[in-house]
Amino acid sequence: MLKRYEGNPILKPIKEHSWEARCVFNAAVYYQEGVHIVYRGMGFDQISKLGYAFSRDGYRIDKRIAHPIYEPVDEVEKRGCEDPRLTRIGDRLYMTYAGYDGRKAHVCMASIKVSDFLRNEWKWERYGCILPKLPVPNKDDKNACLFPEKIGGRYALIHRIPPDIWISYSDDLRNWQDHKIIARPRKRLWDEAKIGAGGPPIKTDKGWLFIYHGVAWKDKKKKWFGTYRLGVMLLDLRNPEKVLFRSKYPILEPEQEYEEQGCVADVVFTCGTVLIGDELFCYYGGADTVICLAKAKLNDLLSLKE
Ligand code: BMA
């Protein structure tokens, strides 16, 4: 369903930059006169930091900053800031990401004024972990993304406590409540083991278009996770807890060498898409090692049946 760009990968690790010498993957994207890419980079210390690149046409990289633009500060993220997602609300960009403390992942958030971001002045406001009291304790919580507008008067956040996708609501973006499961893995399908968000949902007249990742078990013992694939859901505009459609088949799965071989084999994983004209540009990590692009016509995604 998603068609790969022939020029993939669009970003690779840079040996000379220790913080991104081993892999670059899982990127947040924001569109304004081009695609702003905030990506996860990792060196041989295994600590993830976030880098920045810009592409005017969405394909070719015109600018890439040599140093990280965001790195661990808080205790909860001391072993890495992972898998960013960007959502614009008003004149600010909100970045949700997984803070890793060496043991567990936490949903963390930061924000920045759009004008500072565009000037590459990294004046982040940090919120730390925004979901400190989980409905299910002692589990990872990650793969969080914000809806771009309030729903029923409140901010809404999608996140993943394994193996399910949850939603939570807030009046002030700091305190979150009403945690509910909106989607679960499906037995004997490509998303049987665990599921999680792709990028922030995109508003369309048919509903919220929501790309997600699904993981299969490696074998029948159901002990180890296997292949990561991407699928699509359509969520009700006024009540995103209602899943109107969920693809039975993946829209992208590892097939190319750069998806099958790398730091983690058999992975395609997205943290963000942008709409350019009538096409959805999906930026994704291949085998947790490189950053790639695949596209589809928005209407084709919306008219998927099964
Ligand atoms: C998930 C996350 C992603 C990664 C994926 C595959 O748990 O850590 O960052 O791409 O595993 O390794």
Side-chain angles (χ1 to χ4, degrees), residues 8-9 11-13 19-20 22-29 37-43 45-51 68 70-72 76-86 95-108 136 139-145 158-166 185 190-200 211-218 222-231 250 252-256 258-273 282-294:
N8 276 346
L11 280 172
K12 292 185 190 170
W19 67 277
E20 56 172 345
R22 189 160 178 255
C23 33
V24 295
F25 54 129
N26 303 357
V29 281
I37 304 171
V38 173
Y39 63 91
R40 176 174 173 191
M42 207 194 250
D45 60 2
Q46 309 263 39
I47 294 179
S48 295
K49 298 177 180 171
L50 306 179
Y70 197 92
E71 48 188 301
V76 290
E77 61 190 25
K78 65 172 189 265
R79 300 290 302 165
C81 300
E82 308 180 347
D83 303 349
R85 277 122 173 142
L86 284 170
M95 182 171 77
T96 46
Y97 61 96
Y100 183 55
D101 64 10
R103 226 170 33 91
K104 251 177 40 158
H106 308 267
V107 173
C108 295
V136 188
K139 283 219 187 186
D140 271 343
D141 194 0
K142 61 202 286 192
N143 298 316
C145 55
I158 283 179
H159 54 118
R160 197 282 303 285
I161 304 173
D164 309 308
I165 293 181
W166 291 63
W190 58 278
D191 54 1
E192 63 181 348
K194 59 178 178 178
I195 55 175
I211 311 260
Y212 73 104
H213 68 263
V215 189
W217 293 113
K218 199 166 182 81
K222 298 192 177 175
K223 190 161 173 230
W224 302 105
F225 296 117
T227 303
Y228 280 70
R229 298 178 173 88
L230 301 181
L252 188 74
E253 59 184 334
E255 270 170 14
Q256 301 292 319
Y258 54 78
E259 299 160 345
E260 290 177 337
Q261 288 172 38
C263 292
V264 181
D266 302 320
V267 176
V268 294
F269 191 99
T270 182
C271 288
T273 55
C282 173
Y283 295 85
Y284 67 97
D288 284 3
T289 307
V290 290
I291 296 170
C292 306
L293 166 65

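Atoms within a ligand are numbered from 1 in the order they appear, just like the ligands themselves.
The residues R40 and D83 are annotated as salt-bridged, a charged nitrogen and a carboxylate oxygen being separated by less than 4.0 angstrom.
Between Y70 and Y97, the side chains place a donor N or O and an acceptor N or O closer than 3.5 Å (distance only, hydrogens not considered). Counted by atom type alone, R79 and Q46 present zero donor-acceptor pairs between their side chains at under 3.5 Å.
In terms of protein heavy-atom proximity, atom 3 (C) of ligand 1 is nearest to D83 OD2, 3.3 Å. In terms of protein heavy-atom proximity, atom 10 (O) of ligand 1 is closest to D288 OD1, 2.6 Å. Residue, atom and distance of the protein heavy atom nearest to atom 11 (O) of ligand 1 are Y228 OH, 3.1 Å.
Ligand 1 is approached by K142 to a heavy-atom distance shorter than 4.0 Å.
Ligand 1 places these atoms under 4.0 Å from at least one heavy atom of V264: 12 (O).
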For N143 and H159, run side chain to side chain donor-acceptor pair (under 3.5 Å): C-alpha distance rounded to whole Å, both residues' side-chain angles, the deciding distance at 0.1 Å, then the answer. CA-CA 5 Å; N143 298 316; H159 54 118; over 6 Å; no

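Annotation for P13 and C23: closest pair CG-CA, 3.8 Å, computed over non-hydrogen atoms.
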